[in-house]
Amino acid sequence: MYPIIIFLLLMLNWVILSGKFDAFHLGLGVISCLVVTWISQDLLYHDRRKGIGERLREAGAFIQYLPWITWEVVKANLHVFKLAMTKQGQEEMSPRVVTFETYLKTDFAKFVLANSITLTPGTITMLIRGDVFHIHTMSQFLEDDLLTGAIERKVAEVFEPEVLSKK
Amino acid sequence: MTEWFAMVMGAGLFVLMIPIIYRIFKGPTGFDRILGVNVIGTKTAVLLVIIGTLYGRVEMFVDFALTYSLLNFVAAIVVSRYLNRTISLKEMEAREKAKGGAKA
Amino acid sequence: MTDHSMICLLAAAVENGEVGFLPLKIIGFASGVVGLIFFLGTAVGMVRFPDFYTRMHAAGKGDTLSTMLMLGGFGLVTMEDFSVGSWLLLIKILAVILFIYLTTPTSSHALMRAAFEDDEMPMTEDDLKKSKRKGKRKK
């Protein structure tokens, strides 16, 4: 099941990047995608026990997650703009390092969580050590927003809903 | 109209790169410098698309932009791996424990 | 230049047949200009912020959004017609945007981690106050 998904993803990539639809180029694409799938298909999707329906649900939830994170990026940029340009922003700058522990298990969920923390206003992931995240923050009030775990809940809704139901 | 817009955007990008070049020139640490190079590299991908619009060959220059941003990413990772002293996490924890012990 | 005169210029360009599809162009121009403004914030932040970690805030965030907006704007501006080729071009530009969206936070995290492991300590609030006082004394 999973090799077919990987082959389709690679083929989609090929079609977008080549942009030609005649038989010669598509044939080349099929051959090279088959070879790549055959050689390195075990690199993507570590957990093979999940079914196709579960993967589709994850993809759908991830697409719903994108607008929220984009809006967070806009807010983060407004915040940086304010800190950089106004004098009041310079006054309220208070850098510090915060530590917290996550309940997410898989590596990919941690990757998405770290990137989301980097993109939300005022925080950057500095170091991940197992389950412990070290985060550099810039303003006091944004730190409170982080420690209530709103971002973590959003990521858990996408990738690990069973963890959320236990809580 | 499109060409006019592309020229204005390109000039604006170029002007705004000057403060970052100042940061690369001045930067107290090596990390500041590689950070500036990284930002300019990302913006160069945009500049390539702008140049493509001016020449009327965007479909070619978009590939260049993709490749350039890929190389930029790889360069940032490689230099950050090169610049740190490559201590392992275990060693770091041991060092922190030593520090905590000294305080206590 | 005010918005009104800008729209008049655009309308004239449409009558001459220079511009293909007006609303897309306007959205593209607007998002490009907004991206340039956010990049201004990044550039000023890179110069004015006190230490490496705070500069990283400016670079990691501003870079992502401004690049996305500018590339997206140019993707819309270059849509002259709705043929397969121009759709493919738009999708390609979206692929570049997605790539940058994923890689910029990752590379900034890698740099941050490298700097932290290199024993470069982040500035605390007290350090910031001290440096401000020093600056005032010098003046």
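Quick note on labels: first sequence line is chain A, next is B, and so on, each numbered from 1. Quick note: numbers below take in every heavy atom, side chains included, and nothing from hydrogens, waters or symmetry partners.
When each of C:V96, C:L89, C:T103 is checked for heavy-atom pairs under 4.5 Å with chain B, C:T103 comes out on top. Note: B:T53 leads B:V74, B:I34, B:T53 in heavy-atom pairs under 4.5 Å with chain C. Most heavy-atom pairs under 4.5 Å with chain B: of the set C:K92, C:M112, C:R55, this distinction falls to C:R55.
For B:A75, no part sits under 4.5 Å from any heavy atom of chain C, backbone or side chain. With a 4.5 Å cut-off on non-hydrogen atoms, B:L70 touches chain C through its backbone and its side chain both. Within the 4.5 angstrom heavy-atom criterion, atoms from both the backbone and the side chain of C:L40 approach chain B. The contact between C:I100 and chain B is made entirely by side chain atoms (from C-beta outward), counting heavy-atom distances below 4.5 Å.
The environment of CE in B:M60 is crowded: more than 12 heavy-atom neighbours from other residues, nucleotides or ligands sit within 6.0 Å.
You'll find the side chain of C:F39 reaches within 4.5 Å of the side chain of B:I20, heavy atoms only. Using a 4.5 Å heavy-atom cutoff, the side chains of C:F74 and B:M9 are in contact.
To the nearest 0.5 angstrom, B:I50 atom CD1 is 7.0 Å from C:M70 atom CE.
The aromatic rings of B:F31 and C:F52 lie tilted to each other, with the angle between the two planes from 30° to 60°.
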